[in-house]
Amino acid sequence: MEKINLPKTLKNNNHITFFAIAVVLFWIKTYAAYQIEFKLGIDNNLQKFLLFINPLSSAFLFFGIALLFKKHVKLVMIIINFLLSFLLYANIAYYRFFNDFITIPVIMQTKTNAGQLGDSAVSLMSPLDIFYFSDFIILIILALTVFKKVTVQTRKSFKIVLLFSITVFLFNLGLAEKDRPQLLSRSFDRNYLVKYLGAYNFTIYDMIQNIKSSSQRALADSSDITDVENYRKANYAKPNPKYFGKAKGMNVIYVSLESFQNFMIDYKMPNGQEVTPFLNSLAHDGKTFYFDNFYHQTGQGKTSDAEFLMENSLYPMSQGAVFVNKAQNTYQASPAILKGLGYNSAVFHGNYKTFWNRNVMYKALGYDQFFDAEYYDMSDENIKNYGMKDKPFFKESMPMLESLKQPFYTKFISLSNHFPFEMDPQDTDFPAGDYGDTVVNQYFQSAHYMDQALEQFFNDLKKDGLYDKTVIVLYGDHYGISENHNEAMAKVLGVDKITPALNAKLQEVPLYIHVPGVKGGVQHQYGGEVDVRPTLLHLLGVDTKDYMEFGSDLLSKDHRNWALFRNGDYVSPKVIQVSDKCYSTNTEELLPDNSSCKDIDEKVKTELQMSDEVVYKDLLRFYKPEGYTPINPDDYEYLGPKGTTKATGTEAP
Ligand code: GP9
Ligand code: MN
């Protein structure tokens, strides 16, 4: 039997020892940084575990690359360590100032951000931060002393390490997707990506997204806008003179009603109690326009897609969230348009600003201010699920709203009525449903709570006099009850089964528009979120003819009277198309052939294609509407209640 020469084996594998030390030190350091520097909102043990292991897969992968370099293995490992440490520290410094992680577009815009960071960032650095480079220093010392003579003898070790790192990464990703399905395709929030996959993997993900996005953009040129322009001209619905300019100079308040579907309006529980008495009263007061054939058109970007539709009159992306993937585009959104008319704009939302990349996208839309979670009392009794409960949210928003320079254009994004619709017992005395499905049962309670919060908000607006000089638009952002709950939904609606056509009808969300001094009433025309912008702008007296928008004014006599879904299905008064099958709207039955659906189907396809051209290729950068003054996103910054805001409008309170 051959005698094992132990010292020699160790010597041959010394680069592996060096590698192991690098990995472990880097792992500890990164984990410490997560704990000390970032507020990632860890909710459960799985998330704790993921946070703990995610630096490991990055460490293996990146340091593993060094094993390819036979002679200079230590040097390359040290360089890689420095680059990663630098990236981590840059994120730490940035986060201390902006409460956010660095993205590629942020690096591209160093002009602005360096200016913003400047002295303040330096003041946020401390000599103790040397800790974040401690492994780098230790590796240099070790390389010059104990491991002085180490080189790589074989590439086999690289293959093993690479295989191991991929395994660890896939394990990490698998668990992350289990806790947060569609994490990568929907990419909700940078905080989430860092929490689940780590700061380094986040940067790689961000790079890939940016390369994808900029290549689509690079292929476009100014001639691409011509077709869209012609399409737009051919489909323009001119304003109804009866309403044009009736809200001229008034303030605007949008309220996004989280996950609120239209079937809830006038719905009564078995004991006869109305779920949303306040919203029901608005629907029938004759002073408010209430649209009862109005549909959400969102995709994976959910709330943010609805915001995008309402303010740009463009469709969101078929995959992923436009707020996340196309925030660098040029837009001509309502806040920017109205800025030219002296409006001051703000968003109120009781969740953190990075969710749906809002803090970046709102700059592109031209929002002067963003009152996010940092402005609210986020103590435990005030929050549930994704953030602030609606009652304290609206209450605490009032002084901030009142401080705004008028006329203002504002948006309130409610949150309480969010999946899974669970409520704290002290917040509801409304009976849960009894439909054999917890999610559906709870939906009635949380919708009732939201209704009460809205009534409180309206009362406060009346008290401070804003109600009489403000257009108020309320809209359900998207469905709340998904198809997975259709069995219970059939019981709710008292039908045997939810057919495809009924399922399409369930995508109906309420839309209300209240214009002081204008008679309203129930409106039956079909429309979707894309149609709200021209409707509102016409009420405010803004001619939309030159804007590249896809909606048609709901109050126009030329309104087209159908609404498409992001997947290409559509609804109209006579027919509904679902997955290329044609149904009667009235009977919900499948029609023998597709002929009656063909006409609108072609329009739907062209419309989505045209809108996608604009969004994917960033075509608005080649287009300037007549009389519109372009805004520069770099002029906007949301620094939170303690910072100072560069934007015009009022100072942050
Ligand atoms: C979170 C809120 C809810 O900020 O917008 O997001 P959703 O899941 O409905 O898109
Ligand atoms: Mn939502």
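In each ligand, atom 1 is the first atom listed, and ligand 1 is the first ligand listed.
Taking a cutoff of 4.0 Å between a charged side-chain nitrogen and a carboxylate oxygen, D424 and K384 qualify as a salt bridge.
Seen from the Mn ion (ligand 2), atom OG1 of T303 and atom OD2 of D477 lie 90° apart in angle, a value rounded to 10°. Put simply, the angle at the Mn ion (ligand 2) from OE2 in E258 to NE2 in H478 is close to 100°, to the nearest 10°.
At a threshold of 2.8 Å, the Mn ion (ligand 2) has no backbone or side-chain N, O or S atom of H418 nearer than that distance. Residue side and main chain included, S256 places no N/O/S atom under 2.8 Å of the Mn ion (ligand 2).
Taking a cut-off of under 4.0 Å to the non-hydrogen atoms of E258, the atoms of ligand 1 that pass are 3 (C), 9 (O). Proximity to W356 (heavy-atom distance under 4.0 Å) selects the following atoms of ligand 1: 5 (O), 6 (O), 7 (P), 10 (O).
Judged purely by distance below 3.5 Å, without hydrogens or angles, the side chains of D100 and N359 pair a donor atom with an acceptor atom.
For atom 1 (C) of ligand 1, the nearest non-hydrogen atom from the set N417, I413, N385, N351 belongs to N351. Within the set H478, K302, H418, the minimum heavy-atom distance to atom 8 (O) of ligand 1 is found for H418.
Considering backbone and side-chain N/O atoms, S304 never comes within less than 3.5 Å of an N/O atom of ligand 1. Taking any N or O of T303, backbone or side chain, at least one lies under 3.5 Å from an N or O belonging to ligand 1.
In this structure, Y331 has its ring center closer than 6.0 angstrom to the ring center of F308. Checked against the 6.0 Å centroid criterion, the rings of F444 and Y435 qualify as a close aromatic pair. Two rings, from Y636 and F370, have their centers 6.0 Å or more apart.
Not one N or O on the side chain of E455 forms a donor-acceptor pair closer than 3.5 Å with the backbone of D451. At distances below 3.5 Å, not a single donor-acceptor pair connects side-chain atoms of D531 with backbone N or O atoms of D553.
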